[in-house]
2 protein chains.
Amino acid sequence: MALSRTSLETAIHEKIRSSGLRLTMPRRAICSVLSAHEEEFLTTSEILSAVEMNGLAIDPSTVYRTLDDFAEIGLVHHIHLGSQPGQWHLTVDHDHQHLVCESCGRTTLVPTIEIEPLFEVLRRSYGFHASLHHFAILGTCADCEPSDGHPHG
Amino acid sequence: MALSRTSLETAIHEKIRSSGLRLTMPRRAICSVLSAHEEEFLTTSEILSAVEMNGLAIDPSTVYRTLDDFAEIGLVHHIHLGSQPGQWHLTVDHDHQHLVCESCGRTTLVPTIEIEPLFEVLRRSYGFHASLHHFAILGTCADCEPSDGHPHG
DNA sequence: GTCGCAGATGCAATACTTCGCAAAAACAAC
DNA sequence: GTTGTTTTTGCGAAGTATTGCATCTGCGAC
């Protein structure tokens, strides 16, 4: 039951307000970009360019701060691949996690239920609460793993 | 069967040589620091300071390049916590993984065998080979989780 | 609609990271 | 030990990310 882009944005706006953050022009602009790229990870500079393409001008530092604020309320999360700049992603939908291929950069979605047993072990045995927002698993996807028996053309 | 600090360093040196990298003073200095802090994640500036405390002087850019080179041969890996600078760690010993607390920064070791079932699922169902080197799970440790029933003084 | 306060922004300064290039060092061959 | 080739280093410069602070703006109260 996917939300339309507009409803998605409305939902995000509500989350921002209800978390005690103010809904400002830069934040709207960033939300809009994130909603339009719901399935991708974007770098800060990609976000910035996209905002500018929408005819708006915001400061790079505002992008960084806004993303940090959004991360704090669980609206977005980010990952780092190797030494590349961080990549950001909406976290509206918590029922999947990300497998990120270090070779081709593609992300695969995995239902959280597959990973929940591990989290349960970590909670029970170590008292450790894994953060869903930051949990991206890096590795090599089927297409990029040479000896996997899943060759692709 | 842990290696003594000296044997650990020797093993690292061999790995460097056998990977076709040259064993230089800056690399020795960095290896020495990493070996002495085998259980911690260190930032580049912490590594740099530690090298200087050993009476040696190397350039920051050399630290970055050396760590990248070491990562390429699987000798080290790094993680990013939130917006903090990246943190590095030796990867000699593969039989544990890291839980990193985003609140206090402490790391907890977990035997890989606890996590292996998840990796197995990812391999079987998704053809995805999770990279052990990059696998640090972020979250909140028992001490920092207020409502966990594991209060500490 | 206007006022006031707290939070957010933009700008500038700082810190962190990467890159290019000439000089230096490692290592193999002699 | 010396020589030659190739990698690595340090330095400077450029690019990217973060922080401090004065100003501005969202939003609730009137």
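Each chain gets a letter, A, B and so on, in the order its sequence line appears, and its residues count up from 1.
- One interatomic measurement links the two molecules: CG of B:L48 to C1' of C:dC16, which rounds to 12 Å at whole-angstrom precision.
- Of the side-chain N and O atoms in B:T44, one or more sit less than 4.0 angstrom from OP1 or OP2 of C:dT17.
- The distance from atom CG of B:D68 to atom C1' of D:dT8 is 14 Å, rounded to the nearest whole Å.
- Checked by distance alone, A:R27 brings no side-chain donor or acceptor within 3.5 Å of a matching partner on the base of C:dA8.
- Distances were taken from every side-chain heavy atom of B:T24 (C-beta onward) to each of D:dG10, C:dA26, C:dA8; the shortest belongs to C:dA26.
- One finds a side-chain N or O of A:T62 lying less than 4.0 angstrom from the OP1 or OP2 phosphate oxygen of C:dG10.
- Between the B:T91 side chain and the B:H77 main chain, a donor and an acceptor come within less than 3.5 Å of each other.
- Pairing each heavy atom of A:T66 with each of A:R27, the nearest pair is CG2-CG, 3.8 Å.
- Between the side chain of B:S61 and the base of D:dC11, at least one donor-acceptor pair of N or O atoms lies under 3.5 Å.
- A:R65 contributes a side-chain N or O that forms a donor-acceptor pair with the base of C:dG10 under 3.5 Å.
- With rounding to whole Å, A:Q87 atom CD is found 15 Å from D:dT16 atom C1'.
- Taking atom CD1 of residue A:I16 and atom P of nucleotide D:dC27, one finds them 10 Å apart after rounding to whole Å.
- Summarising the geometry, the separation between CG on B:L56 and P on D:dT9 is reported as 13 Å, rounded to the nearest angstrom.
- Residue B:D59 contributes atom CG, which lies 15 Å from atom P of C:dA24 at whole-angstrom precision.
- Remark: C1' of D:dC11 and CD1 of B:I58 are 14 Å apart, rounded to the nearest angstrom.
- Distances were taken from every side-chain heavy atom of B:L23 (C-beta onward) to each of C:dG10, C:dC27, D:dC11; the shortest belongs to C:dC27.
- No salt bridge links A:R17 with A:E14; every basic N to acidic carboxylate O contact stays at or beyond 4.0 Å.
- Checked by atom type and distance alone, the side chain of A:S125 never pairs as donor or acceptor with a backbone atom of A:L122 at under 3.5 Å.
- Between B:R22 and B:P60, it is B:P60 whose nearest contact on DNA chain C lies nearer the 5' terminus.
- Ring-plane geometry between A:H78 and A:W88 is classed as tilted, the angle between the planes lying from 30 to 60 degrees on a 0 to 90 degree scale.
- Of the candidate nucleotides D:dT16, D:dG10, D:dC27, D:dC27 has the atom lying nearest to any side-chain atom of A:R17.
- If you measure from atom CD1 of B:I47 to atom P of C:dT17, you get 11 Å, rounded to the nearest angstrom.
- Neither OP1 nor OP2 of C:dA25 sits under 4.0 Å from any side-chain N or O of B:R28.
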